[in-house]
Amino acid sequence: FTATADSEVTPSTIAKDGFNSPAAKTVKVSANGDTTIEYNYTRKTFTLTVERREGVASVTVTGKTTGTVTKIESAEGANADNYTVVYGATFNMSSTASTGYTVAGFEGLEANTDKTYTMPMADTVVAAVATPNRYKVILNVNADGVSTTLGAVDENTNTITLWAVYNRDYTVLYANETAVEGETSVSLAAFTKDTIKLTGHTFAGFYTNRYDADQVAAGVAAVAATDKFLPSASGDVVDDTTLYAYWTINSYTLTVEYY
């Protein structure tokens, strides 16, 4: 704008979305030429909250430019990390998974084509997610000649191999290690005296230890379909889980008739 030489002027600042407006300045207009007033607008910062969902061990957020991302101290035991991030800043997010899980990325903020993220003009909540893995469950039928309607028994090992989901239960057991379109599942509860059979015996559940017929230890309970599936692990390697069928020996009535 124009002003009279040697007069004082105070140009107004303008509001810009995502930016902090500076304080207005008053200057004296020079009589010797143009007078320049410089207003510097700083970007606003917003809070980025990164929730750690089930199976996520840790999250790391780093700005592409130094000083654009600052971590805020989280409350002890909190399942989320908070950061102050400069509006429009580009940053990276990465996560690690706990044993039994696989990293599945982040939800709540769309990634750029180079897999970085850009801070929007608002406080934002994203979630680091992970998916539970499937691990092998070997059902040892514990005898020769066992038949079942619920799966093929390997005659060489007397076993049925299924796959359970980590940190779930035995109500959903799959035939495949990874998801297959249209796949079905079976529950451990479906194995009953009517669906798994051995001549002269009655099925009485699966146990974590092997017992001979009619020899189960007192006070030992069978594995329930609703029991949590948390297989043992050696470091990051999760071990196979073997369950053993237990059989009771049938009793029959012998009738002797005399003539």
Side-chain angles (χ1 to χ4, degrees), residues 53-57 97-102 104 130-257:
R53 297 281 175 84
E54 177 192 350
V56 175
S98 304
T99 298
Y101 294 84
T102 297
T131 55
N133 301 328
R134 295 181 185 183
Y135 294 102
K136 188 180 293 186
V137 175
I138 301 170
L139 301 181
N140 188 317
V141 298
N142 201 17
D144 294 329
V146 174
S147 63
T148 177
T149 60
L150 300 175
V153 178
D154 186 324
E155 295 181 357
N156 295 317
T157 59
N158 287 330
T159 60
I160 302 169
T161 298
L162 297 170
W163 301 84
V165 179
Y166 189 85
N167 201 28
R168 299 299 184 263
D169 54 32
Y170 291 93
T171 59
V172 179
L173 299 172
Y174 296 99
N176 304 292
E177 182 178 7
T178 56
V180 176
E181 185 177 357
E183 70 180 343
T184 58
S185 63
V186 63
S187 171
L188 194 67
F191 290 87
T192 68
K193 63 183 179 64
D194 297 317
T195 60
I196 180 169
K197 297 184 177 183
L198 175 64
T199 300
H201 298 74
T202 298
F203 175 72
F206 283 104
Y207 287 74
T208 56
N209 294 308
R210 182 186 179 279
Y211 297 100
D212 292 330
D214 279 345
Q215 298 299 313
V216 71
V220 178
V223 176
T226 53
D227 286 350
K228 187 80 75 174
F229 176 67
L230 289 170
S232 59
S234 303
D236 292 332
V237 178
V238 176
D239 303 324
D240 295 341
T241 297
T242 301
L243 303 179
Y244 299 88
Y246 176 63
W247 303 93
T248 58
I249 301 173
N250 297 341
S251 297
Y252 299 95
T253 300
L254 174 66
T255 301
V256 180
E257 295 181 353

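The residues of the chain are indexed from 1 along the displayed sequence. Small disclaimer: the values here were computed from a predicted structure and weren't measured.
- The OG1 atom of T184 sits 9.0 Å away from atom CG of N176, with the distance rounded to the nearest 0.5 Å.
- To the nearest 0.5 Å, atoms CG (D214) and CG (N250) are separated by 9.0 Å.
- Here the shortest heavy-atom pairing between Y174 and V165 reads CE1-CG2, 3.9 Å.
- Within 6.0 Å of the CG atom in D144, the count of heavy atoms belonging to other residues, nucleotides or ligands does not exceed 12.
- To the nearest 0.5 Å, atoms CD1 (I196) and OG1 (T202) are separated by 12.0 Å.
- Residues S232 and D239 have side chains that bring a donor and an acceptor to within less than 3.5 angstrom of each other.
- Taking OG1 from T99 and CG from L230, the interatomic distance works out to 11.5 Å, rounded to the nearest 0.5 Å.
- At a cut-off of 3.5 Å, with distance as the only test, no side-chain donor of D169 or T226 sits close to an acceptor on the other residue.
- Looking at Y246, its side chain does come within 3.5 Å of a backbone N or O of V216 through a donor-acceptor pair.
- Taking the six-membered ring where the residue is Trp, the centroids of Y101 and Y166 are separated by under 6.0 Å.
- With rounding to the nearest 0.5 Å, the separation of OG1 in T131 from CD in E54 is 10.0 Å.
- A donor-acceptor contact shorter than 3.5 Å links the side chain of T148 to the backbone of T195.
- Summarising the geometry of A57 relative to A97, their closest heavy-atom pair is CB-C, 4.0 Å, with the distance given to 0.1 Å.
- Counting heavy atoms from C-beta on, the side chains of Y170 and D227 come closer than 4.5 Å.
- Using a 4.5 Å heavy-atom cutoff, the side chains of I160 and F191 are in contact.
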Applying side-chain hydrogen bond (donor to acceptor under 3.5 Å, both in side chains), run through T159 and D154 and close with a yes or a no. CA-CA 5 Å; T159 60; D154 186 324; 4.9 Å; no
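- The 12-atom threshold is not exceeded at CD of E155, counting heavy atoms of other residues, nucleotides or ligands nearer than 6.0 Å.
- Ring-plane geometry between H201 and W247 is classed as perpendicular, the angle between the planes exceeding 60 degrees on a 0 to 90 degree scale with a lower cut at 30.
- Minimum heavy-atom separation, A245 to F203: CB-CE1, 3.8 Å.
- Looking at L188 and L139, their side chains come closer than 4.5 Å, going by heavy atoms from C-beta outward.
- For the pair N167/K228, a side-chain contact is recorded, criterion being any heavy-atom separation below 4.5 Å from C-beta on.
- Closest of all the heavy-atom pairs between G200 and Y252 is CA-OH, 3.6 Å.
- Contact annotation: the side chain of N140 never approaches that of R210 to less than 4.5 Å [non-hydrogen atoms, C-beta and beyond].
- Here the closest non-hydrogen pair linking D240 and K136 is OD1-CB, 3.5 Å.
- The line from CZ of F206 to CG of N142 is 9.5 Å long, rounded to the nearest 0.5 Å.
- Smallest separation of non-hydrogen atoms from G205 and A222: CA-CB, 4.4 Å.
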